[in-house]
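Written below as structure tokens is the structure these notes are about.
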Amino acid sequence: GKGKGMVKEVFKGPEVCKDPVRLLALTTKFVAFLLQCLKKIEHREAVGFLTTHVMEQIDITLQPQSQRVPEGSPVVLSCRAVGPMDLTYQWFKGKDEVPGGNGPELVLNPVSPAQQGPYICRVSSGDKYVFSNWAHVRLVRSGGASAGSSYFPSSASGLYVTQQPRPQVLMEGDTLYLECTAQANPPPQFQWYLNKQPMPNCTRSILKIPCITTADRGTYTCKVYNLYHEAWSDQVQVNIGPGSFSDASWEAPKVGKHNLQIGDCCATDKVALLIGNMNYLHHRQLRAPMADVHELTNHLRQLDFKVVSLLDLNWQEMHSAVTEFLLLLDRGVYGLLYFAGHGYENYGNSFMVPIDAPASYTFKHCLWVQDVLQRMQERQTGLNVFLLDMCRKRNPNDESIPQPGPLRVTANIVFGYATCVDAEAFEVNKDDLSNGIFMSFLKKRLMEPEKVTVILDKVAEDMGRCEITRGRQALELRSNLSERRALTDSIQAPACQVTASTRNLQWAIAHVLPESCCLQFECGVKVQLGFAAEFSNIMIIYSRILETPKDILSCSAQLSDFTEGPEVDLKHSNQESLREAGSLLLSMDDLLPLEQPQLFTRISALQRLKKELSFTVCIHYKYTNLDEEVLEEQRVSVGKPLVSKLNLHEPRLSHTSSSDRQISSIMESSSFSESFRANLPNLNPSSIGSASTSWSCYQGPMESPTFSSLKNEPEETICPEFLEAEEPLAIKSLPSASSQELPFKFSNLPNSI
């Protein structure tokens, strides 16, 4: 009834159309009502479209500027915003509302010493609101000087840059923030430059670029000017690479996207899906896939690939992961699929075995490689690379011969098999950090600026020269690649920026880490929680005690009662080292002070998380005058981290003909539309994590709505002193040994994949 009434009123005739304001208000109400209905019936695609494209967001177009003025002078602070029709303004001094400050301009005339301090403006519409930047009003002594000279510090130009932008090292998917503030009269204007070229529409003091890619790396500077003067900020370098590292650590290999190109070929983007299956339910468990996937992840990220790395997937999860992978592909994109685990080949068809395959499995229980290839070709990719580190023995339980559809003549396919037809692929019996034989040789050649087939030929030659692999395992290369395409080719942005941006968002959403947070207990103990991504579906949580009252003698914090779905080994949770917690590939000695004890818990199989991840933080402490131990708990929810947002446990629609698929787009993925709505507004530089590379950074206890009640009042975020000097963790790749030094032993030949 309510919806019908609104529909009738919106469309009832010319008398309503004569009042455009009323018509707009009615239309807005109708869209809001429609959005509520669509949410109730769980129409995810429509909700995603309305939320993203129709419902207006509040955007501040003019930020208030800090001012230094003599006592008694007038001060005008301005804040302008665009968005819904019913925008309201409220100014604050600190956390206190300014009486009468309910307009876009706040006038202090004359300004007095009591009015010095920080000011901020809240722009709201209904239950939505945003805050402006802080603007500080300070008084200066004229000292007998002219009024004009008292406004600014001594500067020959009459324009003074008060805050310089800072160099940054980020990862793909992060948000870039650069800030340059200045004082001038008339007020200054800003123009940002990248590599000495002006950036369109970048004319504010703050430069914000969400979901950056390697195309955004370079030298940034800002020109500040007014009618009479001009000044330039410092030139700062923004590095965007595979992980958290210093400049030298990732520039050392000299594999930048410009100096490695071997011909005229380039990619519109590079995407890789890496799957390593180890812990099989009905078959022999493997050891090498974890180290192999980690090694390949680090190398591909240095080549500007967007990498999704997953361990131990069942049948449904493998199919869903491939479907999501295909959504990241488009015209001209380089796609790479790597699989390490059990497999087989029948009559030229290769099959990847999931961890839940029965003892006598057939192609119905596995993932068909040739089917994936056909679906990749229909995305009109620029290069399709398959690296299959698995056995190719014939499966006697499977006599069927599936017939793939016709493949297009694209001349862009490369298959690199770890072993030849009807042969086994072996792994090394050394320790959990040993690479398989194929990866041990591949990682030494992968970074070379050569055609993909040339790289694999060299790997085959290296394996053939190694005495222990000769006659046992030989790489096989199949290719119809006609162009000199290399994994080191540069990325050239496509003409359609919307498609590229959507792809960046889809990848970034699957790599969002929870924000580090600080928990305050009633006893006065303060506990910090931090998060790291080991793989796209494996996360590390660390906890440490930050503050303990003087009357508490001892205190420890432990995590327990995790949400069902992901796997947590209780025997290895809350351990004093990453290795004891089961993480053999990460190191954080350079991140956390050794004098502050911390405990680590490893959570795997995040793809099976069906609801928000929550757990209990329990502290045990003793007072100096009591012998009994006291227990205090807090329940914490951190949302759906990393790949869990994609809901890989849910079945996907079976793919149909190519003509049907051309109608579809990335927005047709139910998991994407849901993740887009739920997480896009929360993306920030501290929460995007790359598998095997990133630690989330502390942002203050009040920033995450999960850990504190949201208040419609301003908050200044000040980083605590104990974390000011911390740097992002540098991930160390596994050492590469020469072929003569590889500790291969074939004493246990049944260890084949």
How about Gln65 and Thr181: does a side-chain donor come under 3.5 Å of a side-chain acceptor?
no

message: Can you see whether Thr219 engages Gln237 through a side-chain donor-acceptor pair at a distance of less than 3.5 angstrom?
response: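 A donor-acceptor contact under 3.5 Å links the two side chains.
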
Nearest-0.5 Å distance, [atom1] of residue [X] to [atom2] of residue [Y]:
| X | Y | atom1 | atom2 | value |
| --- | --- | --- | --- | --- |
| Leu176 | Ile212 | CG | CD1 | 5.5 Å |
| Ile545 | Lys526 | CD1 | NZ | 12.0 Å |
| Ile619 | Ile552 | CD1 | CD1 | 6.5 Å |
| Asp234 | Gln163 | CG | CD | 11.5 Å |
| Asn201 | Thr203 | CG | OG1 | 7.0 Å |
| Glu515 | Leu529 | CD | CG | 12.5 Å |

Determine whether Thr175 and Pro210 make a side-chain contact, defined as any pair of heavy atoms from C-beta on separated by less than 4.5 Å.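 In contact.
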
Is Gln528 close to Tyr542 at the side-chain level, that is, under 4.5 Å between some pair of heavy atoms?
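In contact.
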
_Which residues share a side-chain hydrogen bond (donor to acceptor under 3.5 Å, both in side chains) with Thr548, sequence neighbours left out_ =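 With neighbours one apart ignored, the set is empty.
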
Taken in chain and number order and not counting sequence neighbours, the residues that satisfy side-chain hydrogen bond (donor to acceptor under 3.5 Å, both in side chains) with Ser125 are Asp86

task = Please say whether more than 12 non-hydrogen atoms of neighbouring residues, nucleotides or ligands are located less than 6.0 Å from CD in Gln191.
result =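 Result for CD/Gln191: enclosed.
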
task = Take Arg122 and Gln90 through the side-chain hydrogen bond (donor to acceptor under 3.5 Å, both in side chains) test and state the conclusion after the steps.
result = CA-CA 5 Å; Arg122 183 185 68 208; Gln90 178 60 58; 5.3 Å; no

Nearest heavy-atom approach of Tyr129 to Ser124 is CB-CB, 3.7 Å

Residues Val98 and Lys93: closest non-hydrogen pair is CG2-N, 3.6 Å

task: Applying salt bridge (Lys or Arg N to Asp or Glu O under 4.0 Å), run through Glu179 and Lys208 and close with a yes or a no.
output: CA-CA 9 Å; Glu179 184 172 2; Lys208 177 181 177 181; over 6 Å; no

Self-check item: Polar side-chain atom of Gln67 near backbone of Val76 as donor-acceptor pair, under 3.5 Å
Solution: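 Pair found, side chain donor or acceptor close to backbone of Val76.
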
Residues passing the ring pair (Phe, Tyr, Trp, His ring centres under 6.0 Å) test with Phe615, sequence neighbours excluded, are Phe562

(request) Start with the C-alpha gap between Met539 and Leu613, add the side-chain angles, then the distance that decides, and say whether side-chain contact (heavy atoms from CB on, under 4.5 Å) holds. (result) CA-CA 11 Å; Met539 183 174 71; Leu613 177 64; 3.8 Å; yes

